[in-house]
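Worksheet for the structure shown next.
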Amino acid sequence: MSDLHIRHADLSDIDAVLDFWREAAEGTSISDDHDGVTRLIGRDPEALLLAEHDGRLVGTVIAGFDGWRCSAYRLAVHPDFRRKGIATALTQAAEQRFLALGGRRVDAMVLQANERAHRTWGTNGYRREDHWRRWVKPLTD
């Protein structure tokens, strides 16, 4: 999509991003709220990338780097704009960010049941590593 614009989110985008994720993203995260996204942007103002078409939010990815690992979360494209190269453009923008920060490998968080996402990540050169499992513990109720 040639008229796609990718930029960093700022605090004024939070409500639109949360609404977008409810419509376009698979699953939910404990941090999918105003406070969670505010903390993300406050800690790393360049991590949340937004794809816009004619001023409309059509895609997101969180490209987080902690100095050790590059992590991609919340790759989501609006249902009306899928299969137009937006996920690829967002993935490439995240990878460019990681390379500029000295990253060496990207770990993408992808829901096991989200087959469409498996194809998207696979098309962009990613592969599943079955020998790893994620262990989690919520810190709040």
- Note on the structure: Residues H34 and T38: closest non-hydrogen pair is O-OG1, 2.7 Å
- Query: Between CG of L4 and CG of L90, what distance do you get to the nearest 0.5 Å?
  - Reply: 7.0 Å
- Query: Which one of V61, T91, I62 satisfies the side-chain contact (heavy atoms from CB on, under 4.5 Å) criterion with L49?
  - Reply: V61
- State, to 0.1 Å, how close A76 and W21 come at their nearest heavy-atom pair, and which atoms those are. CB-CD1, 4.5 Å
- Task: Would you kindly confirm whether V37 and M109 end up in one hydrophobic cluster when ILVMFWY residues are joined by side chain heavy atoms under 4.5 Å apart?
- Result: yes
- So Q96 and L99, side chain to side chain contact (heavy atoms under 4.5 Å, CB included) or not? Walk me through it. CA-CA 5 Å; Q96 290 170 1; L99 285 169; 5.7 Å; no
- Task: Indicate the atoms forming the closest heavy-atom contact of R105 with C70, along with that distance.
- Result: O-CB, 3.2 Å
- Item | Spacing of CG belonging to L48 relative to CZ belonging to R74, to within rounding of 0.5 Å | 11.0 Å
- Query: Under a 4.5 Å side-chain heavy-atom rule over Ile, Leu, Val, Met, Phe, Trp and Tyr, are Y73 and L57 clustered together?
  - Reply: yes
- Message: Are there over 12 heavy-atom neighbours, none belonging to R104, within less than 6.0 Å of that residue's CZ?
- Response: no
- Task: Please round to the nearest 0.5 Å and tell me the distance separating atom NE2 of H8 and atom CG of D44.
- Result: 8.5 Å
- NE2 of H5 to CD of E52: how many Å apart, nearest 0.5 Å? 5.5 Å
- Looking only at heavy atoms, which two atoms of I86 and G59 are closest? And how far apart? CG2-CA, 4.4 Å
- Task: Answer yes or no: is there a donor N or O on one side and an acceptor on the other, between the side chain of R97 and the main chain of A63, under 3.5 Å?
- Result: yes
- Task: Following the transitive rule for hydrophobic clusters with a side-chain heavy-atom cut-off under 4.5 Å over Ile, Leu, Val, Met, Phe, Trp and Tyr, establish whether V106 and L75 coincide in one cluster.
- Result: yes
- Message: Just verifying a value: how many Å separate L101 CG and F65 CZ, rounded to the nearest 0.5 Å?
- Response: 6.0 Å
- Is it the case that one hydrophobic cluster holds both V17 and I41, taking links as side-chain heavy atoms less than 4.5 Å apart, direct or via other members? yes
- Item | Point-to-point distance, once rounded to the nearest 0.5 Å, from CZ of R56 to CG of L50 | 14.0 Å
- Nearest non-hydrogen partners of A24 and H78, listed with the distance: CB-CA, 3.8 Å
